[in-house]
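As structure tokens, the structure follows; a few thoughts come after it.
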Number of protein chains: 4
Amino acid sequence: MDRKAAIRRSAATVFAEQGFDRASIRDVAKATGLSLAGLYYYYKGKDEILFDIQNQAFTTLLESHAKALAGVRDAEQKLRCVVDAHLAFFAEHIAEMKVMSRESEQLGGEYAKQVDELKRRYVRLVRGIVEELKPRADVPAGVAVFLLFGMMNWVYTWYDAKRDGSPAEIARAAQEIFLKGLR
Amino acid sequence: MDRKAAIRRSAATVFAEQGFDRASIRDVAKATGLSLAGLYYYYKGKDEILFDIQNQAFTTLLESHAKALAGVRDAEQKLRCVVDAHLAFFAEHIAEMKVMSRESEQLGGEYAKQVDELKRRYVRLVRGIVEELKPRADVPAGVAVFLLFGMMNWVYTWYDAKRDGSPAEIARAAQEIFLKGLR
Amino acid sequence: MDRKAAIRRSAATVFAEQGFDRASIRDVAKATGLSLAGLYYYYKGKDEILFDIQNQAFTTLLESHAKALAGVRDAEQKLRCVVDAHLAFFAEHIAEMKVMSRESEQLGGEYAKQVDELKRRYVRLVRGIVEELKPRADVPAGVAVFLLFGMMNWVYTWYDAKRDGSPAEIARAAQEIFLKGLR
Amino acid sequence: MDRKAAIRRSAATVFAEQGFDRASIRDVAKATGLSLAGLYYYYKGKDEILFDIQNQAFTTLLESHAKALAGVRDAEQKLRCVVDAHLAFFAEHIAEMKVMSRESEQLGGEYAKQVDELKRRYVRLVRGIVEELKPRADVPAGVAVFLLFGMMNWVYTWYDAKRDGSPAEIARAAQEIFLKGLR
DNA sequence: AATGAATGAGTATTCATTCAT
DNA sequence: GATGAATGAATACTCATTCAT
């Protein structure tokens, strides 16, 4: 089952580079070193690979949040934790993050349902924190949450390590704008 | 040449719904009412259609900004104008906006160059305004601009008119967070 | 009707360069300066253009032979005339010659019948001369004629003016080999 | 790899019958018994099939010449060998020969380069023999060689076993004309 | 005499997937 | 566990041709 993790990583890289639709299963197989048919021993199909990537990534992300939030009481502090964790995850898993952000509507059926559930849990988590922050009346918490996700999830389209500093610095900027802006 | 505009709209809708790669030229042709070969009378290929959509959309967007900014002196007011215009454009051209946000890396060669130039002009415009705002020292203007774009461009992934209010209200929320957050 | 001659020439050039099948009617139209639909005013279809080229070329070739042979009595001299005329025609109408040699099996139906008749007349003419020459018993006149045509019609595949001298010199070489060889 | 040889033969037949351009890959697939996609498992594209046919044919032809010429000293005898071998090959591989003669300009790029090199080697070989024959001063060896090739390569356009006798007899006629004619 | 607009049928090629081994 | 061989369905695109004007 360790093998699957390796395939997942290679596949994520390929999907991140070319996009899910443009990338062919052949490209994925080549990247993993397996033969085309060999890949099908591990995965039932292209969709399952994408599902596995997204599922794992969201699960990991949620876990890392749980860990980061343990023991934190202050709402502001909690939000900082979430943003830090999100962008730290981005920094370490650029390919996965790109795939998660861009290919979120490619899955259907049971796969979509499962990933959507994780996504909803994630949103609920952050929304809870935002509500604790008691934002200004003219900015609904529901909207605020998505604006925050926008700041974070868009990063993959423009981030350039040399020009923009470390992900932690981006996180800091987003935190400041969001927290101060919301008060 | 009016015919091309109609094709552009239909194509944008198809690309928005299915994604550029998943949508087949046949789907686009069907949506326009033209035959497959008839479509090729107007466009050299799939790429050219995407280019035309993006090119037109960015050009229109830039024009609407120029109009909105005419006569405005105050930096804060300018930023409000830009966000309003961007989200108003989004409201009126959801399909085009989705295509612009999501399919920005599909073009290559000369097409990409031309669209990138427009994009850069747009970013420069907004960046100029952000710099006028004299943001806090711990948030570089370059990063701030992209965080703002993130808030705005991510909207297409979550916006639901019933739940989230009018685009103008979203604009208002983004403006408040960004302006207050940056001070 | 003069216009048709011009089209014929342009089309022959296009067909010679690209081959009949590879060349599109669009290429032909472009070469003539006419619009695609305009070309169809003069010709019913692609086949008819090819037919016209071949028909004209063979007719002209036969006429030039008739002229060249007028008053010549000696069989050897006649054969020299034929070879000279054939290669002179080649020199002046390279494109047409290439098309005639290479695209001889593309026509069908009535077109093919008519061109074949001309071809047969041409072969019969030359064959008559070869028989007059009373070739050696071990070389049937029928075979000899086609070997001669082989020498002449293959020229378009290798002839290079700089390297190989004038067409008249090629003619001379073919005549000498054939006449001396046949005795 | 034996499978490829079978495909090559079928494809050569199809190309010989219809011409390379007119023949569709579907026709070739049907002739081989493979599915359309199955064919692509063996060949990257239509061009590669044509290349393989021409490459193999020329290679075989050159080998059969090498064998035929082994031990022959007399120049005249050598030339007879070459003509015999060429027309014997023609007799056994009519389809390939037709394809080689007619579709010689269809290949481009690396494929063309490789086949051209074989062709040049073949011409050089025959040219060497013609020079040994010390042809008459008024017929340059370079031209003579191509006239000889013309006689031989044109055969596919007219040869009819019933009417014209065996290929060996054609060979005999060509040899006599060429050898006697050159002296 | 000439053309812009349009199309049905066809082209080479690719893709995700399967299966016998 | 893993693969070479094979396929049905789809893809972007081109072509010869037509027709209203």
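Numbers restart at 1 for each chain; the letters A, B, ... are given by sequence-line order, proteins then strands. It should be emphasised that the depicted structure is a prediction, and the values quoted were computed from it without experimental measurement.
Remark on DNA chain F: of its neighbouring residues A:Tyr41 and B:Phe20, the 5'-side contact belongs to A:Tyr41, judged by nearest-heavy-atom nucleotide. Both D:Leu39 and C:Asp27 lie close to DNA chain F; mapped to their nearest nucleotides by heavy-atom distance, the more 5′-ward contact belongs to D:Leu39. If C:Ala37 and D:Ala37 are placed on DNA chain E by their nearest nucleotide, the residue sitting closer to the 5' end is C:Ala37. Nearest-nucleotide assignment on DNA chain E puts the 5′-proximal partner with B:Ser35, out of B:Ser35 and D:Tyr40.
Contact annotation: D:Arg3 side-chain N/O to F:dG4 OP1/OP2 distance is not under 4.0 Å.
Using a cut-off of 4.0 Å between Lys/Arg side-chain N and Asp/Glu carboxylate O, C:Glu96 and C:Arg8 are scored as not salt-bridged.
Whole-Å rounding puts the B:Lys46 NZ to E:dT14 P distance at 16 Å. Distance C:Lys44 NZ to F:dC19 P: 14 Å, rounded to the nearest Å. Across the protein-nucleic acid pair, B:Arg26 atom CZ and E:dG8 atom C1' stand 11 Å apart, rounded to whole Å. Here the P atom of nucleotide E:dA1 and the OH atom of C:Tyr42 are 6 Å apart, to the nearest Å. Taking atom CG of residue A:Asp47 and atom P of nucleotide E:dC15, one finds them 16 Å apart after rounding to whole Å. C:Lys30 has its NZ atom 16 Å from the C1' atom of E:dT3, to the nearest Å. A straight line from CD of C:Glu48 to C1' of F:dT17 spans 13 Å, rounded to a whole angstrom. In this structure, CZ of B:Arg22 is placed 20 Å from P of E:dT14, rounded to the nearest angstrom.
Base contact: A:Leu36 has a heavy atom under 4.0 Å from a base atom. Nucleic acid contact for D:Ala23: sugar-phosphate only, since backbone atoms but no base atoms lie under 4.0 Å from a heavy atom of the residue. At a threshold of 4.0 angstrom between heavy atoms, the contacts of D:Gly38 include nucleobase atoms, whether or not backbone atoms are also involved.
Taking the six-membered ring for Trp and thresholds of 30 and 60 degrees, B:Tyr111 and B:Phe51 have nearly parallel ring planes, at less than 30 degrees apart.
Under 3.5 Å, the side chains of D:Glu103 and D:Gln106 contain a donor-acceptor pair of N or O atoms.
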Begin with the C-alpha distance, continue with both residues' side-chain angles, and end with the deciding distance and a verdict on side chain to side chain contact (heavy atoms under 4.5 Å, CB included) for D:Val99 and D:Phe20.
CA-CA 8 Å; D:Val99 172; D:Phe20 178 72; over 6 Å; no
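Side-chain atoms of D:Thr59 come within 3.5 Å of backbone atoms of D:Asn55 as a donor-acceptor pair (strictly under, hydrogens ignored).
Nucleotide E:dA20 is matched to F:dT3 when pairs are restricted to Watson-Crick or G-U wobble geometry with both distances under 3.5 angstrom.
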